[in-house]
Amino acid sequence: MIYENGFIQVIESVSGGFDDEGRPIFSDPEAGDLIPCMLLSSVNDKRGAYKDGGFTRYAYEVHTELMSVTAQRAKLYRYDKSLIGEFTIQSWEYARILNFTQIFLS
């Protein structure tokens, strides 16, 4: 069992392709359902820098029930369903012995 302190919502890219005349068909990303998860902040500091200032860096480790991850982006929500942000999925793996999927976001 996973201690649930938030939600993850994967954002699937739908391939657009081309129409009969060869023009590109635009595609909108599709957001999935909110999946209960455990969020762990692995990076949360103000060390990011750019030419005119700085920014806060964030990275999260997320544990969910066993699932396959095919998306490249995901949104994270707190337990009260307030948005933390949208992140890129860096990697994921099964933790079969402990029966969960581990997802790394930044």
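None of the values given here were measured: they were computed from a predicted structure.
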Working to the nearest 0.5 Å, report the span between CD1 of Ile84 and CG of Leu39. 5.0 Å

Correct closest heavy-atom pair for Ile11 and Pro29 would be CG2-CB, 3.5 Å

Enclosure of Glu12 CD (heavy-atom neighbours >12, cutoff 6.0 Å): yes

Where is the tightest heavy-atom contact between Arg73 and Ile89, given as atom of each residue plus distance? O-CD1, 3.9 Å

Could you tell me whether the side chain of Arg78 and the main chain of Leu83 form a donor-acceptor pair under 3.5 Å? yes

Are Val69 and Tyr94 linked, directly or through other ILVMFWY residues, by side chains that come within less than 4.5 angstrom of each other? yes

Would you say CD of Gln72 has more than 12 non-hydrogen atoms from neighbouring residues, nucleotides or ligands within 6.0 angstrom? no

Look up atom CG in Asp33 and atom CD in Gln9, then write down how far apart they are to the nearest 0.5 Å. 8.0 Å

Check Ile8 against Cys37 and note the closest heavy-atom contact, atom names and distance. N-SG, 3.7 Å

Below 30° counts as parallel, above 60° as perpendicular, anything between as tilted: where do the rings of Phe7 and Tyr79 land? parallel

Over all heavy atoms of both residues, which pair between Met38 and Ile2 is shortest? Give the atoms and the distance, please. CB-CG2, 3.6 Å

Which pair of non-hydrogen atoms, one from Lys75 and one from Tyr77, has the smallest distance, and what is that distance? CD-OH, 3.6 Å

Flag yes if Leu34 and Trp92 sit in one hydrophobic cluster, no otherwise; membership is Ile, Leu, Val, Met, Phe, Trp, Tyr, and two members link when side-chain heavy atoms are under 4.5 Å apart. no

Can you measure from OG1 (Thr64) to CD (Glu4) and round to the nearest 0.5 angstrom? 10.5 Å

If you group Ile, Leu, Val, Met, Phe, Trp and Tyr by side-chain heavy-atom gaps below 4.5 Å, do Phe104 and Leu76 land in one group? no

Point-to-point distance, once rounded to the nearest 0.5 Å, from CD1 of Ile103 to CD of Gln90: 12.5 Å

List the atom of Thr101, the atom of Glu65, and the distance in Å for their closest heavy-atom pair. OG1-O, 3.4 Å

One should read off an interatomic distance between Phe100 CZ and Glu93 CD, to the nearest 0.5 angstrom, of 8.5 Å

